Amino acid sequence: MTLIQGYLFRQIALPVVAAVGALCGIGLLSQSLDQLEVIVERGQSVWVMAKLTLLALPQLLAVILPIGLFVGALTALTRLQREQELTAAFAAGLSRWQVIRPAARIAMIAAAVGLLIGVVIQPMAQREARAQAFAVRTDLAALLVEEGRFVQGPNGLTVYVQQVEQNGLLKNLFVYLEDGDQVTTWDAAEARFSRIDGEPYLSMRGGSWQRFSKNGVLEYLSFDGYNFPLAQFTETDERIRYKPSDLYLTDLFNPSPTTLERVGSRGELLAEAHSRLSAPLYILMAMALALNAILGGAYSRTGYALRIAKAAGLFLVLRIAGYGLVAASTWNPWLNVLQYVLPVAATAGALRMMFRTLKPHRRLVWPPLERLKPRVA
């Protein structure tokens with residue numbers, strides 16, 4: 001029996017992993033297309049785009065896991081039933097619970113992974129993604145450098161670069177700085193953005209410096225190397241703005257006054273916290289509905305298209321209702337209880353229907369007709 005259950009576990013797990021992987025691939029492709037703006041408009045590298053795309057994966061997984069498990073489990077169970085492997089398992093002496101136990105184990109593992117993602121990995125990845133996006137928006141190199149164009153920066157700074165190489169090297173640089181009535185210019189054959197003691201600098205090589213003195217005399221100086229400080233041009237009051245999905249559970253259940261002011265109301269934070277804790281229950285519900293669609297009725301040679309369609313429609317309705325409860329819970333905290341009740345009730349109902357099919361139904365006959373039945377001597 002252990003060998004049969006191990007075989008069923010593998011036969012169900014592989015389609016589930018494949019379905020989740022395929023949906024993740026589609027989601028990552030969509031995210032990468034959105035992140036092309038980082039390269040096209042912000043001048044960032046492909047690595048930055050790839051990092052931002054991968055950091056969105058945990059949040060994608062939180063949505064994809066129930067769907068992928070439902071699709072993969074239905075695919076595997078349909079094939080096992082069509083090839084009569086489930087019938088062979090029952091014939092080998094396995095009870096219904098022993099047959100569905102491998103699927104239940106897969107659902108429990110997926111639910112544990114979903115809980116880990118929602119509680120730890122998702123907020124960690126989301127916060128890092130916010131930090132990376134903030135660094136891209138405030139990246140002075142991207143803001144000041146545009147190949148072949150004069151770019152005006154803050155505090156009277158203007159920068160021109162003839163060519164930007166892939167490794168970040170700037171060719172034929174010109175810097176114009178207007179400070180009141182005084183104008184200073186720099187030109188260099190090569191330059192590169194760098195940091196010295198944590199402060200941003202523009203390191204120039206092979207260039208010159210020009211400025212008119214108060215007496216109207218042109219001051220000129222050539223240099224082999226010069227570090228132009230950029231700290232005064234990077235000052236900004238902008239801060240990283242977090243969303244409820246970026247916070248850990250401790251911050252959601254016990255928010256500080258600053259969090260309530262900058263992120264969201266207490267109702268929004270509580271709804272997000274309960275949504276993450278209840279999300280794994282939808283994974284269990286998905287497996288229960290998939291099992292009920294295949295094993296929750298009599299064997300059919302023509303297939304289970306109608307039962308599968310009903311199960312898929314019910315799963316879709318329940319998942320949408322779950323999202324609706326999250327939105328409604330922001331206004332009424334008492335509705336947070338329903339975020340747990342809905343998937344638990346649906347899972348219990350699906351399992352009850354599946355095991356109920358084992359019990360024979362006694363036909364009710366009207367007593368006078370019962371007496372008219374012929375009796376066998």
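Predicted, not measured: the structure shown is a model, and the values here were computed from it.
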- Message: Assess the residue pair T347 and L281 against the criterion (side-chain contact (heavy atoms from CB on, under 4.5 Å)); give the C-alpha distance rounded to whole Å, side-chain angles, the decisive distance to 0.1 Å, and a yes or no.
- Response: CA-CA 8 Å; T347 303; L281 298 176; over 6 Å; no
- State yes or no: are the ring centers of W186 and F174 separated by less than 6.0 Å? no
- Task: Would you mind reporting whether R205 and F223 have side-chain heavy atoms less than 4.5 Å apart?
- Result: no
- Task: Would you mind reporting whether C24 and L61 have side-chain heavy atoms less than 4.5 Å apart?
- Result: yes
- Whether E268 side chain and S265 backbone form a donor-acceptor pair below 3.5 Å: yes
- Query: Does any donor atom in the side chain of D251 or T259 lie under 3.5 Å from an acceptor atom in the other side chain?
  - Reply: no
- Query: Is the charged tip of R319 near the ring of F315: under 6.0 Å from the six-membered ring centre and within 45° of its axis?
  - Reply: no
- Do you know which two heavy atoms are closest between P58 and I117, and how far apart they sit? O-CG2, 3.4 Å
- Please confirm whether the backbone N or O of A327 pairs with a side-chain atom of T330, one donor and one acceptor, at under 3.5 Å? yes
- Item | F253 and L247, any side-chain heavy atoms less than 4.5 Å apart | no
- Message: One pair to check against side-chain contact (heavy atoms from CB on, under 4.5 Å): F150 and V159. What are the steps and the verdict?
- Response: CA-CA 6 Å; F150 287 90; V159 178; over 6 Å; no
- Message: Within the 4.5 Å heavy-atom criterion, are Y242 and R130 side-chain neighbours or not?
- Response: yes
- Query: Are a donor atom and an acceptor atom from the side chains of E85 and Y7 found within less than 3.5 Å of each other?
  - Reply: yes
- Mind listing the closest non-hydrogen atom pair of A89 and V99 along with its distance? CB-CG2, 4.2 Å
- Message: Any side-chain to backbone donor/acceptor pair from R211 onto T184? Under 3.5 Å, distance only.
- Response: no
- Message: On a heavy-atom basis, which atom in I12 and which in A76 lie closest, and how many Å separate them?
- Response: CA-CB, 3.7 Å
- Which heavy atom of A129 sits nearest a heavy atom of L52, and at what distance? O-CD2, 3.9 Å
- L86 versus L8: any side-chain heavy-atom pair under 4.5 Å? yes
- Message: Tell me if a side-chain donor or acceptor on R262 pairs with a main-chain N or O of P257 at a distance below 3.5 Å.
- Response: no
- Expected output: side-chain E83 to main-chain L80 donor-acceptor under 3.5 Å: no
- Message: With a 4.5 Å cut-off on side-chain heavy-atom distances among I, L, V, M, F, W and Y, is there a chain of contacts connecting I283 to L14?
- Response: no
- Message: Return the CG to CG distance between L115 and L65, rounded to the nearest 0.5 Å.
- Response: 11.5 Å
- Steps toward side-chain contact (heavy atoms from CB on, under 4.5 Å) verdict (Y176, V183): CA-CA 7 Å; Y176 174 91; V183 175; 3.2 Å; yes
- L277 side chain near Y340 side chain, heavy-atom distance below 4.5 Å: yes
- Message: What's the separation between atom OH in Y282 and atom OH in Y323, rounded to the nearest 0.5 Å?
- Response: 9.0 Å
- Shared hydrophobic cluster for L94 and I100 (ILVMFWY, side-chain gaps under 4.5 Å): yes
- With no hydrogens and no angle check, do the side chains of R79 and Q11 hold a donor and an acceptor under 3.5 Å apart? yes
- Item | Spacing of CG belonging to L351 relative to CG belonging to L284, to within rounding of 0.5 Å | 9.5 Å
- Query: Taking C-beta and beyond as the side chain, do H274 and V326 meet within less than 4.5 Å on heavy atoms?
  - Reply: no
- Is there a side-chain contact between V263 and P244 (heavy atoms, below 4.5 Å)? yes
- Nearest non-hydrogen partners of L342 and G322, listed with the distance: CD2-N, 3.8 Å
- Linked, directly or transitively: W97 and L291 (ILVMFWY side chains, under 4.5 Å): yes
- Rounded to the nearest 0.5 angstrom, the CG-CZ distance for L295 and R307 is 8.0 Å
- The reported gap from OG1 in T78 to CD in Q81 (rounded to nearest 0.5 angstrom) is 8.5 Å
- Message: Please determine whether the number of non-hydrogen atoms from other residues, nucleotides or ligands lying under 6.0 Å from atom CZ of R127 exceeds 12.
- Response: yes
- Query: Is there a path from I109 to L69 through hydrophobic residues (I, L, V, M, F, W, Y) whose side chains come within less than 4.5 Å of each other?
  - Reply: yes
- May I ask you to decide if Q98's main-chain N or O and Q5's side chain share a donor-acceptor pair within less than 3.5 Å? yes
- Query: Quick one: CD1 on I308 to OG1 on T75, what's the gap to the nearest 0.5 Å?
  - Reply: 8.5 Å
- Can you tell me if R96 uses its side chain to pair, donor with acceptor, with the backbone of M354 under 3.5 Å? yes
- Y160 ring centre to R149 NZ or CZ under 6.0 Å, with the angle to the axis within 45°? no
- Task: Check whether the side chains of D187 and Q210 place a donor and an acceptor atom closer than 3.5 Å, and report yes or no.
- Result: yes
- Query: Side-chain heavy atoms under 4.5 angstrom apart, residues restricted to Ile, Leu, Val, Met, Phe, Trp, Tyr: same cluster for V341 and V317?
  - Reply: no
- Message: The test is side-chain contact (heavy atoms from CB on, under 4.5 Å); show your working for L270 and L252 and say whether it passes.
- Response: CA-CA 6 Å; L270 280 176; L252 293 172; over 6 Å; no
- Message: Test your reading of the model: is there a side-chain donor-acceptor pair from Q339 to the backbone of S275, 3.5 Å cut-off?
- Response: yes
- Output yes when a side-chain donor or acceptor of D246 lies under 3.5 Å from a complementary backbone atom of K243, and no otherwise. yes
- Query: So which heavy atom on L289 is nearest to which on A350, and how close?
  - Reply: CD2-CB, 4.0 Å
